[in-house]
Amino acid sequence: MIKLRLFSFLTYVDLECISAKEAIIQQLKVESLDSIKKYNMFEIQLDVETRKVAEDYLNKIIGSSYYLLNSNKESYYINNIELKHKEYLDNTFFVKVNKLIANDEQKILGNIKNKLHVPIARLNKSIVWELKFKNNDLSKEEITNKIINTTNRNEGLLVNPLFERFSFLESNSIYNAA
Amino acid sequence: MSKVAIIQFPGSNCEYETAKFVESCNIEADIIRWNCSSKEFHRYSAYVLPGGFSYQDRVRAGVMATKLPIMKELELAAAENKPVLGICNGCQILAEAGLVPNLGGENKIEMALAPNMSNDKPKGFICDWVYVKIKNPENCVFTSMFTSEDILPIQVNHGEGNFIIEESKKELISQLTMIQYCDKDGNIVPSNNVNPNGSFQNIAGLGSKQGNILAIMPHPERAIFSSQIPGWIDSKWVSHKNHSFSNGDVTLGPWKKMIQSLSYFLENSKVLQT
């Protein structure tokens, strides 16, 4: 059994990120936010022996369907987000968001298994927000309260705790610096 | 004369029919923009947040609109007991702003509109006619003229209308005005055919503790005239429609009482002010 991760992202301007950044800086008054990016993260478990075979299957899914991403407008990384400089990770936080209610994972998994005949065993879908700050003024707790966990209209944006949960990902677990 | 403001957000698409809805009972309505001045905003006696897709539902449906300065003005207006109605996306905005149900009185988020579910599976966008009943109609300015026995046809049109209530508030909401999905005979049952999105307690709409705010996911403005009611649903309103067509009349439909309730409140609050 081989586990892979797929990070997909829009290749053109992501309007969702622009709106989120605008709201965080202008309305939530977190002026130290430098940039924000959004990835769909798929954690995939394939019933194969080697990583090479697993990656071949993943490329087959991407190349012959839109189940995981639309290659006309989205690009992707396998396993790790590729960064040009390790320094980019300074003051950068990765926030993984999952829904507490079921999403379309099982439908996607069924389609991949039945229509593409890929030996896929499990599939989990999350959103990963990449938050980069100009400095290290904010702790994880402050970021949680000011930007992530929405408790009222003045605090939080990225997660509604009534039906979503989040966790910080260790940056060294998802990046691959050149 | 009292005037109602229909607040147009970037991405609203029901503002014009919502204005017709308000005007159907001889209340004046203006469509105002999300970036209007504070002075202009507070000229109005009541506010309606119409349906649509504010900010393309970015991040979550309704949440981007809640961060706008106009929502601070809306909080102030609501605190002055001015009526506020949110329909569909407007309902999602009110939920994300913490204005409904606001049992704690601090505009904290106590409910959410999650993606539609059916048998614990995602259901996607729904567009259909359903029936609802109103519990405690006397507790809200928008429902005071309904009775709890009324069975009302109404259109649903949303992808995220699944009411989720904060655990500690689940018992407390029973005292509020609650619009609930029911079958054609008025039975509130948890069946997927009746509850189209998996909402807690079949909730389709919920009033605030103060009674001046109502957040409703289905579209009452699409059932204000009897001519809007489709012929294929099982409701007395279909015969009203057929009767009005044979007479050449334009008769008001099942949700006229919502605006009549508002009109009654505005008239009486004016008397109190003078």
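Each chain gets a letter, A, B and so on, in the order its sequence line appears, and its residues count up from 1. All values derive from a computational prediction rather than experimental measurement.
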Using non-hydrogen atoms and a 4.5 Å limit, figure out which bit of A:L28 sits close to chain B: side chain, backbone, both or neither.
-> side chain

Hey, is NZ on A:K115 packed in by over 12 heavy atoms from elsewhere, all under 6.0 Å?
-> no

For the residue pair A:F163 and B:I164, what are the closest heavy atoms and their distance?
-> CB-CD1, 3.7 Å

Nearest-0.5 Å distance, OG1 of residue A:T151 to CG of residue B:N107 = 11.5 Å

Write out, in numerical order, the residues from residues 52-74 of chain B with a heavy atom short of 4.5 Å from a heavy atom in chain A.
-> B:Y55, B:Q56, B:R58, B:V59, B:R60, B:V63, B:M64, B:T66, B:K67, B:L68, B:P69, B:M71, B:K72

Check A:L162 against B:A112 and note the closest heavy-atom contact, atom names and distance.
-> CD1-N, 3.6 Å

Contact origin within A:Q106 toward chain B - heavy atom pairs under 4.5 Å | neither

Where on B:E167 is there a heavy atom nearer than 4.5 Å to chain A: the side chain, the backbone, both, or neither?
-> neither

Of A:Q26, A:E164, A:E155, A:E22, the largest count of non-hydrogen pairs under 4.5 angstrom with chain B goes to A:E164

Enclosure of A:N135 CG (heavy-atom neighbours >12, cutoff 6.0 Å) | yes

Just wondering, more than 12 heavy atoms not from B:E171 lying within 6.0 Å of its CD?
-> no

Should we say atom NZ of B:K170 is surrounded by more than 12 heavy atoms from elsewhere, each under 6.0 Å from it?
-> yes

Give, as side chain, backbone, both or neither, the part of A:N103 having an atom under 4.5 angstrom from any heavy atom of chain B.
-> backbone

Might you point out which heavy atoms bring B:P115 and A:K99 nearest each other, and give the distance in Å?
-> CG-CE, 3.8 Å

Under a 4.5 Å cut-off applied to non-hydrogen side-chain atoms, are B:E96 and A:T150 in contact?
-> yes

Would the number of heavy atoms belonging to other residues, nucleotides or ligands and lying under 6.0 Å from NZ of B:K169 be above 12?
-> yes

Interface residue of largest heavy-atom contact number with chain A, from B:E110, B:M117, B:E166, B:K121, under 4.5 Å | B:M117

Engaged part of A:K107 at the chain B interface, taking heavy atoms whose separation is under 4.5 Å | neither

What part of B:L113 gets closer than 4.5 Å to chain A, counting heavy atoms only: side chain, backbone, both or neither?
-> backbone

Between CD of B:E160 and CG of A:N160, what distance do you get to the nearest 0.5 Å?
-> 11.5 Å

Looking at A:A23, A:S19, A:G156, A:C17, which makes the most heavy-atom pairs under 4.5 Å with chain B?
-> A:S19

